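One is the number of the first residue; the rest follow in order along the sequence. From a predicted model like this one, the values you see are computed outputs, not experimental measurements.
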Amino acid sequence: MDLNVWFQKGMTMDEYINVMTRNRDEMLSIYEQFVLRAEDQSQLETLRTQNLRAIVLTEDWCGDALLNNPILMRIAEAAGMELRVVLRDQNLELMDQYLTNGTSRAIPIYIFLNEEGSEVGVWGPRAPEVQALVMERRAALPDKDAEDFQEKQMALYKDLAASYQTDATIWQTVANSIKQTLL
């Protein structure tokens, strides 16, 4: 299926937000708090004439989507970019064309398209600096066979989610990474 068809098949961001059953308030909280720096705003405004669009492969249960989607929404506003959401779990045919490291269905994945529907960039599922942070924290977990592994892993995820929702430095890191893909 061509990317224009996938784009048309997707929900608008408002439609997606209205059907979210998990992480909605948390995602919207980041959206409300995150403001693009003036320099980012002006750089992104230069993209308006390109009429870029993006397919957002995501799911509402995903912690990385909770962080990245509201940042993308602000970037899209500045760049005059229309976003369409395609749910990963119902659209594995598309997801499997954008596997992380060729094996993982990690999300979110942003597929940026030009007016003709050709792919001009792909971003996701994490900014490299956020990936490094996650890997560093995972390295501190006990062995998977350890009795307390599950408990410590859940605590790690909870701690990451809290950071994602409150740390403006992480938000800016994500914005910089997405912006780098677009510019």
Side-chain angles (χ1 to χ4, degrees), residues 3-4 6-20 22-48 50-89 91 94-95 97-98 100 105-115 117 119-131 133-134 160-161 163-183:
L3 291 173
N4 273 327
W6 284 109
F7 182 83
Q8 292 305 326
K9 180 180 176 176
M11 294 178 269
T12 65
M13 192 52 78
D14 285 341
E15 289 169 337
Y16 171 67
I17 290 167
N18 288 332
V19 299
M20 288 179 76
R22 297 183 58 192
N23 292 323
R24 181 176 189 250
D25 293 343
E26 296 84 351
M27 186 187 89
L28 291 174
S29 174
I30 294 170
Y31 175 77
E32 291 302 323
Q33 295 175 71
F34 178 68
V35 178
L36 285 167
R37 298 179 308 194
E39 66 192 67
D40 295 334
Q41 188 85 26
S42 61
Q43 286 177 320
L44 290 164
E45 284 174 3
T46 66
L47 296 173
R48 286 184 171 274
Q50 294 182 37
N51 296 319
L52 296 177
R53 300 170 291 150
I55 298 169
V56 178
L57 264 168
T58 194
E59 289 287 345
D60 65 356
W61 47 259
C62 175
D64 289 309
L66 158 96
L67 166 64
N68 298 322
N69 288 349
I71 307 301
L72 176 67
M73 290 162 64
R74 288 291 185 201
I75 287 170
E77 290 166 1
M81 186 179 352
E82 186 178 353
L83 305 176
R84 290 292 179 91
V85 176
V86 175
L87 298 177
R88 179 197 78 171
D89 295 346
N91 297 282
L94 178 61
M95 180 69 244
Q97 295 175 49
Y98 292 93
T100 301
R105 290 177 174 158
I107 51 174
I109 298 291
Y110 305 144
I111 307 160
F112 298 105
L113 311 174
N114 63 18
E115 285 182 285
E119 178 186 299
V120 295
V122 176
W123 187 92
R126 291 184 181 125
E129 299 87 347
V130 175
Q131 178 65 16
L133 171 73
V134 170
L160 279 171
S163 296
Y164 286 178
Q165 293 172 59
T166 58
D167 189 338
T169 306
I170 291 176
W171 302 344
Q172 188 60 50
T173 297
V174 171
N176 292 344
S177 181
I178 296 171
K179 195 177 77 162
Q180 192 172 31
T181 299
L182 289 169
L183 300 172

Undergrad: Rounded to the nearest 0.5 Å, what separates atom CG in L66 from atom CG in N23?
TA: 5.0 Å
Undergrad: Could you go through W171 and V35, starting from their C-alpha distance and side-chain angles, then the distance that decides it, and tell me whether this counts as side chain to side chain contact (heavy atoms under 4.5 Å, CB included)?
TA: CA-CA 9 Å; W171 302 344; V35 178; over 6 Å; no
Undergrad: Within the structure provided, determine whether V174 and F34 are in side-chain contact (heavy-atom separation under 4.5 Å).
TA: no
Undergrad: Is it the case that the side chain of T46 and the backbone of Q43 share a donor-acceptor pair, with hydrogens and angles ignored and the cut-off at 3.5 Å?
TA: yes
Undergrad: S29 and side-chain hydrogen bond (donor to acceptor under 3.5 Å, both in side chains): which single residue from E26, Q33, E32 fits?
TA: Q33
Undergrad: Atom CE of M20 and atom CG of D25: how far apart are they, to the nearest 0.5 Å?
TA: 9.0 Å
Undergrad: In terms of ring plane angle, is the pair Y110 and W123 parallel, tilted or perpendicular, where the classes change at 30° and 60°?
TA: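 Geometry flag for W123 against Y110: parallel rings.
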Undergrad: Whether the side chain of Q8 engages the backbone of N4 through a donor-acceptor N/O pair (distance < 3.5 Å, no angle test) should be reported.
TA: no
Undergrad: Got a salt bridge between R74 and E77, using NZ or NE/NH1/NH2 to carboxylate O under 4.0 Å?
TA: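 Between E77 and R74 there is a salt bridge, with a charged N closer than 4.0 Å to a carboxylate O.
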Undergrad: Within the structure provided, determine whether D64 and P108 are in side-chain contact (heavy-atom separation under 4.5 Å).
TA: yes
Undergrad: Verify side chain to side chain contact (heavy atoms under 4.5 Å, CB included) between I17 and M73, making sure each step is shown before the conclusion.
TA: CA-CA 12 Å; I17 290 167; M73 290 162 64; 3.8 Å; yes
Undergrad: Tell me, with the steps shown, if Y16 and D60 meet side chain to side chain donor-acceptor pair (under 3.5 Å).
TA: CA-CA 9 Å; Y16 171 67; D60 65 356; 5.4 Å; no
Undergrad: Below 4.5 Å, heavy atoms only, C-beta onward: do K9 and N91 meet side chain to side chain?
TA: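 Yes - at least one pair of side-chain heavy atoms lies under 4.5 Å apart.
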Undergrad: Distance-only, no hydrogens or angles: does the E129 side chain make a donor-acceptor pair with backbone N or O of T173 under 3.5 Å?
TA: no
Undergrad: How far does CE of M81 sit from CZ of R48, to the nearest 0.5 angstrom?
TA: 10.0 Å
Undergrad: Assess whether side chain to side chain contact (heavy atoms under 4.5 Å, CB included) is satisfied between F112 and I178, documenting all intermediate values.
TA: CA-CA 10 Å; F112 298 105; I178 296 171; 4.1 Å; yes
Undergrad: Can any side-chain N or O of R88 pair as donor or acceptor with the backbone N or O of L94 at less than 3.5 Å?
TA: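 Looks like no, no N/O pair under 3.5 Å.
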Undergrad: Minimum heavy-atom separation for M95 and A106, please, with both atom names.
TA: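 Nearest pair, atom of M95 first, then A106: CE-O, 3.7 Å.
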Undergrad: Hey, is the main chain of N114 close enough, under 3.5 Å, to the side chain of R53 for a donor-acceptor pair?
TA: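 Yes: the side chain of R53 pairs with the backbone of N114.
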Undergrad: Check T58 against A65 and note the closest heavy-atom contact, atom names and distance.
TA: OG1-CB, 3.1 Å
Undergrad: For N51, is there any backbone N or O sitting under 3.5 Å from a side-chain donor or acceptor partner on E115?
TA: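 Not confirmed, E115 side chain does not pair with N51 backbone.
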Undergrad: When you measure from the side chain of Y98 to the backbone N and O of L57, does any donor-acceptor pair fall under 3.5 Å?
TA: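 Side chain of Y98 to backbone of L57, a donor-acceptor pair under 3.5 Å: no, none is there.
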Undergrad: Quick one: do the N176 and Q172 side chains pair a donor with an acceptor below 3.5 Å?
TA: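 Their side chains do contain a donor-acceptor pair, which is all the 3.5 Å distance test asks for.
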Undergrad: Would you say the side chain of T100 lies within less than 4.5 Å of the side chain of R126, judging by non-hydrogen atoms?
TA: no
Undergrad: Hey, what do you get for CD1 (I107) to CD (E59), rounding to the nearest 0.5 Å?
TA: 5.5 Å
Undergrad: Over all heavy atoms of both residues, which pair between L3 and I55 is shortest? Give the atoms and the distance, please.
TA: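 L3 and I55 have their closest heavy atoms at O-CD1, 3.6 Å.
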Undergrad: Distance-only, no hydrogens or angles: does the E15 side chain make a donor-acceptor pair with backbone N or O of T12 under 3.5 Å?
TA: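 Checking the backbone N and O of T12 against the side chain of E15, a donor-acceptor pair under 3.5 Å is found.
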Undergrad: Could you give the distance from CD (Q165) to CG (L67), rounded to the nearest 0.5 Å?
TA: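 Atom-to-atom, Q165:CD and L67:CG are 9.5 Å apart.
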Undergrad: Could you tell me whether a side-chain N or O of N68 sits under 3.5 Å from a main-chain N or O of P125, the two making a donor and an acceptor?
TA: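 Yes, N68 side chain to P125 backbone: donor-acceptor pair under 3.5 Å.
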Undergrad: So, do L83 and N69 sit near enough that their side-chain heavy atoms are less than 4.5 Å apart?
TA: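 No; the side chains remain at least 4.5 Å from each other.
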Undergrad: For a side chain to side chain contact (heavy atoms under 4.5 Å, CB included) check, start with the C-alpha distance between R24 and N18, then their side-chain angles and the critical distance, and finish with the verdict.
TA: CA-CA 9 Å; R24 181 176 189 250; N18 288 332; 3.9 Å; yes
Undergrad: Calculate, to the nearest 0.5 Å, the distance between atoms CG and CG belonging to L183 and L44 respectively.
TA: 5.5 Å
